[in-house]
Structure formats: structure tokens, C-alpha cells
Number of protein chains: 2
Amino acid sequence: MTQPQTAFRSRCSIARTLDVLGDKWTLLVVRDLMWHGKHTFQELQASEEHIAANLLSERLKRLMGLGLITKEAYQDRPVRYRYTLTDQGRSLEPVLLQIMGWGHVHLGGGLYDPQTGKTVAEAGQLP
Amino acid sequence: MTQPQTAFRSRCSIARTLDVLGDKWTLLVVRDLMWHGKHTFQELQASEEHIAANLLSERLKRLMGLGLITKEAYQDRPVRYRYTLTDQGRSLEPVLLQIMGWGHVHLGGGLYDPQTGKTVAEAGQLP
DNA sequence: CAGAGTGACTTGCAATTTGAAAGTGAGTCG
DNA sequence: CGACTCACTTTCAAATTGCAAGTCACTCTG
């Protein structure tokens, strides 16, 4: 426990961020927590992209380990859990926005507006 | 050539970007091409993080397929190749900067300044 | 109170991807 | 010729992913 559980590949901030968030699912979980009001395991699993339960479970654990989200029981009997972004987790918003902007322009994906909560545009095809 | 070879998981721009760039290596290749003057296979492979040759080869192919980089022979006899970012590839700079900024603040990685070409800071340890 | 249902996971296992190392081929140099 | 360089490709074991099914605690319905 003395050393950080994460041994980074290098001192490059980009490499470190990719070590930790660089896969196809993690940032989608963050997206759902950040913008789409999904907070339970079930809600997160039911997202459009359909993450498998084992992967969601593992990703949530990792995000907790990083201090980006917290888990709390919001009711007993039966116990139900809610996952929430910490301030650290919320600090990923500009990263998400930048990635979304790029994907919108270059891959024709939708553009979500956090202000209105609406997807503003779903552009056409490739560049 | 009419349809992209990529079938995206969803229409979400973030999901699409992750479909295409969401792994531990692709953006590091882009980083090296963008900022660190690495343009040959060898130079890219020799980076601090030591990407395996097969993965580098595959990533370069994918980036070419996406139109983010080009490959040209810059000499014959012996033929040697140079990889270069296209305008589309260069448009990833703000994404990279945002990721770097986050990794600097939250994971203690270095902060590279494209203006001066220097790494401005290499902060301490974890959050 | 038995049986069905729900939420939150975990387990098992096949398929895919990664990582390390060795191999290939064109060409140069001594 | 033999050694060396660059740019890959091949091989193969290990790790990760994806899908389905199973578990556990608890509630709700007849």
C-alpha cells in the first residue's frame, strides 16, 4: 500500500492518462455519470453501447481506486447503490468535451450540450 | 470507399472517437508525430514507452485509413519512409492538450509546451 | 409461504488483442 | 562476401474482452 497501485509507463501526462483511462469503455461510464443522470449499475449497463457487466464492474472499481467516483448505498432493504463523480471525476468534463468535439467534426457523431442537456446535432458521415 | 470501414458502436461522438483512438498507444503515436519530431518507424518505436513493432505497424495503418496521417518515401535506395500528420491529424492537438493537462494535474505527469518545445513541469506523485 | 422478480454483481469460458522476440527482405557499406 | 540498418511481418504465450449464465440479498404476488 505504500506505493501507488499504478505504475505508469512513463512520466508523460498523456501516457499516464491513457494508462488509466485509455480504453473503449471507461470514459463512456464517466460520460453517463457526468451528463446522462445514470447512477446505478443497471442504468450504466443499459447505455446505448451495452457494456458487459464484468467490465462495468471492473471499470467502476478502477474509477473508485482513482478517486474519480464514489459509491454509496442510497437505500437499505434492499440495498441499492449510487455511483457519483467526485470533484476529480468532474474535472474530466473538458476532456470529454474536447473528445466529443473532435468526434463530431471528424466522425459525424452527435454534439451534446451540457447546458441544455440536449444533443444539438448529429452530423452526416465522414469528413 | 463510400462508406467508412468502421462501424461505430453508437452515434455518440465520444464513443466514436474511442472506437477509433481509444487504446493505450494510438494517441502516443500522434503525440510523437505532432510534437516530438518523430517521423520514421524507427523513431516512433524508440519512444519512451516502447511500443511493439507489430502494434506500431497496425496503428499506423489505422491512422492512415482514417486519413489522420500519410506515409511517403523520402528517399529511394534504400527506401525510407516518413509519416506525417494531415490537417485532420493535427486537429487532434486540442484533444491531446486537454488530456495532457488532466494527466498533469491528476497523475503528476509532465507538461509539454508546444510553443517552446519544452516540458515545463513534472509534478509530484498521485492526487 | 412458495415462486417469480429485481438489482448488483461474479464466474466461466471462448474469442480477440497485446506484448515480446525472432524472422524477413531490400539495400548499403567495408 | 559478410555485417549492418530500416521497416516491417510472423509467431506464440499471456492478458483482456465479450457473452452467457449463475449467485445472493431482498421484495412482491397469489
Side-chain angles (χ1 to χ4, degrees), chain A residues 5-10 15-16 18-30 32-33 36-66 69-84, chain B residues 5-10 15-16 18-30 32-33 36-66 69-84:
Chain A
Q5 68 282 49
T6 339
F8 297 117
R9 275 180 296 182
S10 79
R16 288 184 173 204
L18 294 176
D19 277 342
V20 147
L21 307 171
D23 67 79
K24 296 202 186 320
W25 293 109
T26 307
L27 286 179
L28 294 185
V29 174
V30 174
D32 288 340
L33 292 169
H36 301 311
K38 306 191 175 182
H39 292 283
T40 63
F41 195 93
Q42 232 211 174
E43 287 169 349
L44 291 167
Q45 211 193 330
S47 271
E48 200 186 352
E49 292 87 4
H50 301 297
I51 185 171
N54 55 346
L55 295 186
L56 177 56
S57 173
E58 197 271 331
R59 292 306 190 273
L60 289 170
K61 276 173 196 158
R62 196 155 72 222
L63 287 168
M64 278 188 275
L66 288 161
I69 65 175
T70 53
K71 174 187 188 175
E72 56 169 330
Y74 65 93
Q75 70 168 51
D76 286 349
R77 331 201 53 80
V79 57
R80 292 292 180 257
Y81 300 100
R82 164 180 295 132
Y83 296 93
T84 324
Chain B
Q5 69 281 55
T6 338
F8 298 115
R9 274 179 296 180
S10 79
R16 287 185 175 204
L18 294 177
D19 277 343
V20 147
L21 306 170
D23 67 79
K24 296 200 185 324
W25 292 109
T26 307
L27 286 178
L28 294 184
V29 174
V30 174
D32 288 340
L33 292 168
H36 301 311
K38 305 193 175 182
H39 292 284
T40 63
F41 194 95
Q42 231 210 175
E43 287 169 349
L44 291 167
Q45 212 193 328
S47 270
E48 200 186 352
E49 292 88 4
H50 301 299
I51 185 172
N54 54 345
L55 295 187
L56 177 56
S57 173
E58 197 270 330
R59 294 305 190 274
L60 289 170
K61 275 173 196 158
R62 196 155 75 222
L63 288 168
M64 278 188 274
L66 289 162
I69 65 175
T70 53
K71 174 186 186 174
E72 56 168 330
Y74 65 92
Q75 70 168 49
D76 285 349
R77 335 201 49 80
V79 59
R80 293 290 179 261
Y81 301 100
R82 164 180 296 130
Y83 296 93
T84 324

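Residue numbers begin at 1 in each chain, while the letters A, B, ... track the order of the sequences. Basis for what follows: all heavy atoms, side chains included, without hydrogens, waters or symmetry-related copies. Note that the structure is predicted; figures quoted are calculated from it, not measured.
- Look at B:Y83 and you won't find any side-chain N or O under 4.0 angstrom from OP1 or OP2 of D:dC6.
- Contact between the side-chain N/O atoms of B:W25 and the OP1/OP2 oxygens of C:dG19 is found at a separation under 4.0 Å.
- Between A:S57 and C:dT10 there is a side-chain polar atom (N or O) within less than 4.0 angstrom of OP1 or OP2.
- Distance alone, capped at 3.5 Å, is enough to place a donor-acceptor pair between the A:R16 side chain and the A:S10 backbone.
- Nucleotide C:dG7 holds its C1' atom 11 Å from the CD atom of A:E43, rounded to whole Å.
- Side chain of A:R80, nearest nucleotide from D:dG18, D:dT9, C:dG7: C:dG7.
- Between B:K61 and D:dA7 there is no side-chain polar atom (N or O) within less than 4.0 angstrom of OP1 or OP2.
- Residue B:T40 has no polar side-chain atom (N or O) positioned under 4.0 Å from OP1 or OP2 of D:dC6.
- Atom OH of A:Y81 is separated from atom P of C:dT10 by 10 Å (rounded to the nearest Å).
- Judged by closest nucleotide on DNA chain C, B:R59 is the one of B:A53 and B:R59 placed further toward the 5' end.
- Here the side chain of A:R59 pairs no donor or acceptor atom with the backbone of A:I51 at under 3.5 angstrom.
- You'll find that the side chain of A:N54 is closest to D:dG18, out of D:dA7, D:dG18, C:dC9.
- Between the A:Q45 side chain and the A:F41 main chain, no donor and acceptor come within less than 3.5 Å of each other.
- Contacts of A:R77 with the nucleic acid, taken as non-hydrogen atoms under 4.0 Å apart, involve only primed sugar atoms and P, OP1 or OP2.
- Remark: B:K71 is in phosphate contact with D:dC8, judged by side-chain N or O atoms under 4.0 Å from OP1 or OP2.
- Residue B:F41 contributes atom CZ, which lies 12 Å from atom P of D:dC6 at whole-angstrom precision.
- Residue B:D23 is tested with B:V20, B:T26, B:L27 for a side chain to side chain contact (heavy atoms under 4.5 Å, CB included); the sole match is B:T26.
- The side chain of B:P78 lies closest to C:dG27 when the candidates are C:dG27, C:dG19, D:dC6.
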